[in-house]
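Chain naming here is simple, since letters A, B, ... match the order of the sequence lines and numbering starts at 1 in each.
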2 protein chains.
Amino acid sequence: MTRTIIESATRTTIMGFDQPFTVIGERINPTGRKILNAELEAGDFSRVEADALAQVAAGATVLDINSGAVFSNKMAEDVRYADNNFVEPELMRQLVETVQAVTDCPLCIDSSVPGALEAGLEAAKGRPLLNSVTGEEERLEMVLPLVKKYNVPVVAISNDDTGISEDPEVRFAVAKKIVERAADFGIPAHDIVVDPLVMPVGAMGTAGLQVFELNHRLRNELGVNTTCGASNISFGLPNRHGINNAFLPMAMATGMTSAIMNPVAIPIGPKKLAEKRAEIEAKGIVIPADMDDETICQIFNLGSTKPRAGKEMEAIRAANFLTNNDEGGAEWIRLNKPAGDAGGAAGGRRGGRRRRSA
Amino acid sequence: MTRTIIESATRTTIMGFDQPFTVIGERINPTGRKILNAELEAGDFSRVEADALAQVAAGATVLDINSGAVFSNKMAEDVRYADNNFVEPELMRQLVETVQAVTDCPLCIDSSVPGALEAGLEAAKGRPLLNSVTGEEERLEMVLPLVKKYNVPVVAISNDDTGISEDPEVRFAVAKKIVERAADFGIPAHDIVVDPLVMPVGAMGTAGLQVFELNHRLRNELGVNTTCGASNISFGLPNRHGINNAFLPMAMATGMTSAIMNPVAIPIGPKKLAEKRAEIEAKGIVIPADMDDETICQIFNLGSTKPRAGKEMEAIRAANFLTNNDEGGAEWIRLNKPAGDAGGAAGGRRGGRRRRSA
């Protein structure tokens with residue numbers, strides 16, 4: 001049975017077909033997060049700490065640490081900051097140390113910069129996941145020696161020098177090539193976590209089917225664990241959570257063993273809450289002046305002012321149970337037991353079919 | 001490609017791997033529904049009409065009609081009513097005629113009584129689905145001639161004279177036997193819809209995996225469509241909807257083509273609504289006296305006073321899209337487009353992985 005071992009100094013996350021799904025928290029990533037990027041440039045790591053803790057609380061069992069920041073202000077003063085080979089190694093070290101100081105969750109070292117990967121591997125305790133190698137020749141020659149030297153598992157993305165193919169056969173062939181090249185370096189298949197690449201289903205109707213079929217082949221033919229950027233599937237569509245909530249269990253049923261994703265529901269901010277409150281009050285509802293924001297959120301179903309697990313985590317936990325990776329449903333029952341209920345049984349009627357055919 | 005054709009006088013539902021999931025509405029069934037049973041005994045079919053319409057509105061594309069009522073009052077006056085062979089044929093005829101008068105949705109004729117099956121087949125226009133045959137010798141000899149005579153598709157439940165096996169190999173063998181026996185009668189495999197039997201995952205941890213594996217084999221080895229009593233999977237567990245919402249997409253990803261289920265979210269009744277209102281008001285919230293119940297339900301997230309599609313339908317529609325059975329996502333976009341939004345795009349950021357590796 002394929003098992004990928006990812007470890008911090010004191011905690012182990014096992015990725016495998018007989019294990020709960022590995023949720024790799026994606027939030028510690030300045031790409032596309034202007035505020036975080038600006039804070040990192042100013043040396044403020046408080047949001048990194050908060051994001052680490054919130055993701056672990058929501059159910060992440062690995063934290064991705066991406067150092068891809070762009071320090072425009074520093075760049076204006078010192079041209080060296082225009083080079084990510086200069087910026088990222090030091091930033092990666094700081095990010096890893098910051099996160100390790102607040103949680104013992106195992107890490108995933110994520111950068112396109114070789115020096116940042118090595119800095120992360122140096123700074124991380126235990127056995128982090130490396131993110132990532134691709135089928136590109138230059139990348140293979142650069143990353144696989146690091147994987148071997150540090151004896152860590154690695155994410156293998158199924159694109160190569162020709163780019164990302166829309167043909168799943170080509171993506172499978174790229175994954176196979178990476179596994180074979182890794183073997184040449186003495187790296188076993190169980191340390192390769194293949195990302196078969198999830199296309200947006202809104203742009204390509206077969207995107208879901210491709211992933212489900214690839215999961216099956218990657219598991220049965222290559223014996224590797226798998227991961228994906230799960231939210232990509234719903235890019236550009238309305239009600240993205242509705243798509244994601246179905247996609248994740250479907251991916252799991254067909255053999256996917258992890259995803260890089262945001263396990264945290266975005267909290268409602270003060271401005272949005274004030275808007276919602278005004279809308280409600282415009283309908284004639286009176287809210288007591290001294291009612292706290294969190295109570296208002298609960299009563300009016302406005303989410304929460306604090307980070308909490310998103311609906312995708314409920315879907316993943318149900319799917320863990322349904323793939324027999326939640327023994328006796330202990331985790332499901334613990335998280336879903338109604339307040340004040342001692343037992344686990346929901347009561348209610350027995351499903352119609354069994355009763356009828358009895 | 002396996003296609004099962006189910007028809008009313010004017011409408012066709014096609015079950016198949018390249019078709020949207022077939023939702024067979026289960027609500028028209030007096031078993032375990034005391035109020036409905038009493039109304040049917042009194043000759044009141046208004047709830048049957050309402051249930052038919054609500055299920056179709058929620059997304060059912062076939063309506064199951066089960067005549068398994070128990071008429072205790074009539075029984076006390078006339079001993080013939082103790083025999084379902086007496087009660088059900090006439091009741092089935094009335095149920096089918098009632099439903100056909102309000103909707104053109106194709107039907108599924110569901111009874112353990114031979115006479116009721118035949119009465120339903122006589123009364124139903126078009127090509128109804130028959131529910132069901134099993135691997136039991138007596139049932140095979142009774143039902144298959146009806147299937148042949150009326151040229152209809154049939155649900156085949158994977159139990160036999162030894163009962164329901166917990167071993168999926170045995171259940172597969174029973175399904176295979178039914179398909180072979182049907183062939184002896186000249187009934188093609190595409191008119192057999194196998195129910196591999198869904199066990200409660202709370203009682204058997206492998207229940208989900210068994211179904212996923214059986215779906216695969218039934219599709220690839222027997223080339224048949226499949227159905228199940230979907231809600232059985234979550235029997236006895238808290239937050240049953242959470243389990244069902246993951247199970248249905250997982251079943252679909254592994255080849256399941258239909259389910260017998262309730263597509264309708266249970267509306268909140270006046271008593272429950274009054275209770276909820278009192279709870280809210282006890283917290284100091286003031287609700288205008290003239291606010292209508294439906295608005296209150298919306299503001300406070302109390303569901304609806306009217307029947308509407310349950311969350312399982314959202315999961316199924318997402319999974320239809322993800323199995324490439326919602327061309328261009330037209331149905332998904334139609335149902336999820338925010339009010340007042342002309343376009344389909346949700347905007348927002350592109351999934352992290354693709355952007356990063358770009």
Side-chain angles (χ1 to χ4, degrees), chain A residues 26 29 31-32 66 68 157 201-202 205-206 208-209 212 229 231-232 235-240 242-243 246-247 249-250 253-254 260 280 283-288 291 299-301 314-315 318-319 321-324 328-329 333 336-338 344-346 348-357, chain B residues 26 29 31-32 66 68 157 201-202 205-206 208-209 212 229 231-232 235-240 242-243 245-247 249-250 253-254 260 280 283-288 291 299-301 314-315 318-319 321-324 329 332-333 336-338 344-346 349-357:
Chain A
E26 72 179 8
N29 184 343
T31 321
N66 181 299
I157 302 182
V201 71
T206 56
L209 290 178
F212 308 148
S231 65
N232 239 24
F235 174 72
L237 292 167
N239 188 7
R240 293 188 65 169
I243 299 280
F247 175 72
M250 294 171 94
T254 52
I260 302 183
I280 290 161
K283 288 175 181 147
I285 302 272
V286 180
I287 302 172
M291 185 172 271
I299 293 174
F300 296 98
N301 192 39
E314 176 173 295
F321 194 0
L322 292 166
T323 51
N324 201 23
I333 291 165
N336 289 284
K337 203 158 51 176
R349 63 190 196 79
R350 201 172 174 91
R353 302 306 306 296
R354 272 172 72 90
R355 189 188 53 231
R356 187 178 57 72
S357 54
Chain B
E26 72 179 8
N29 184 344
T31 321
N66 180 299
I157 302 182
V201 70
T206 56
L209 290 178
F212 308 148
S231 65
N232 239 24
F235 174 73
L237 292 167
N239 187 8
R240 292 188 66 171
I243 299 280
N245 290 349
F247 175 72
M250 294 171 94
T254 53
I260 301 183
I280 290 162
K283 289 175 183 151
I285 302 274
V286 180
I287 302 172
M291 185 171 271
I299 293 175
F300 296 98
N301 191 40
E314 176 174 295
F321 195 0
L322 292 166
T323 51
N324 201 22
W332 180 262
I333 291 165
N336 288 284
K337 202 160 50 178
R349 63 190 195 79
R350 201 170 174 93
R353 300 307 304 295
R354 272 173 71 89
R355 192 189 47 229
R356 185 176 59 69
S357 53

If you measure only the distance, is there a donor-acceptor pair under 3.5 Å linking the side chains of B/Glu314 and A/Asn239?
->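 A pair is found: one side chain offers a donor N or O, the other an acceptor, under 3.5 Å apart.
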Between A/Gly208, A/Gly328, A/Gly242, A/Ala315, which has the largest tally of heavy atom pairs under 4.5 Å with chain B?
->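 That would be A/Gly242.
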Pick from A/Asn301, A/Ile280, A/Ile285, A/Thr254 with the largest number of heavy-atom pairs that fall under 4.5 Å of chain B =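 That would be A/Ile285.
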Would you please name every residue forming a side chain to side chain contact (heavy atoms under 4.5 Å, CB included) with B/Leu209, sequence neighbours left out?
->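 With sequence neighbours excluded, B/Leu209 shows a side chain to side chain contact (heavy atoms under 4.5 Å, CB included) to A/Thr323, A/Asn324, B/Phe212, given in chain and number order.
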Identify the two heavy atoms, one from A/Ala246 and one from B/Pro249, that lie closest to each other, and give their separation to 0.1 Å.
->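 Looking at all heavy atoms of both residues, the shortest contact is O-CB, 3.8 Å.
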What heavy-atom pair brings B/Arg240 and B/Asn232 nearest, and what distance separates the two atoms?
->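 Residues B/Arg240 and B/Asn232, closest heavy atoms: NH2-N, 4.4 Å.
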Please look at A/Ala319 and chain B and tell me whether the side chain, the backbone, both or neither of the residue comes under 4.5 angstrom of a heavy atom of that chain.
->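 Both backbone and side chain of A/Ala319 come within 4.5 Å of chain B.
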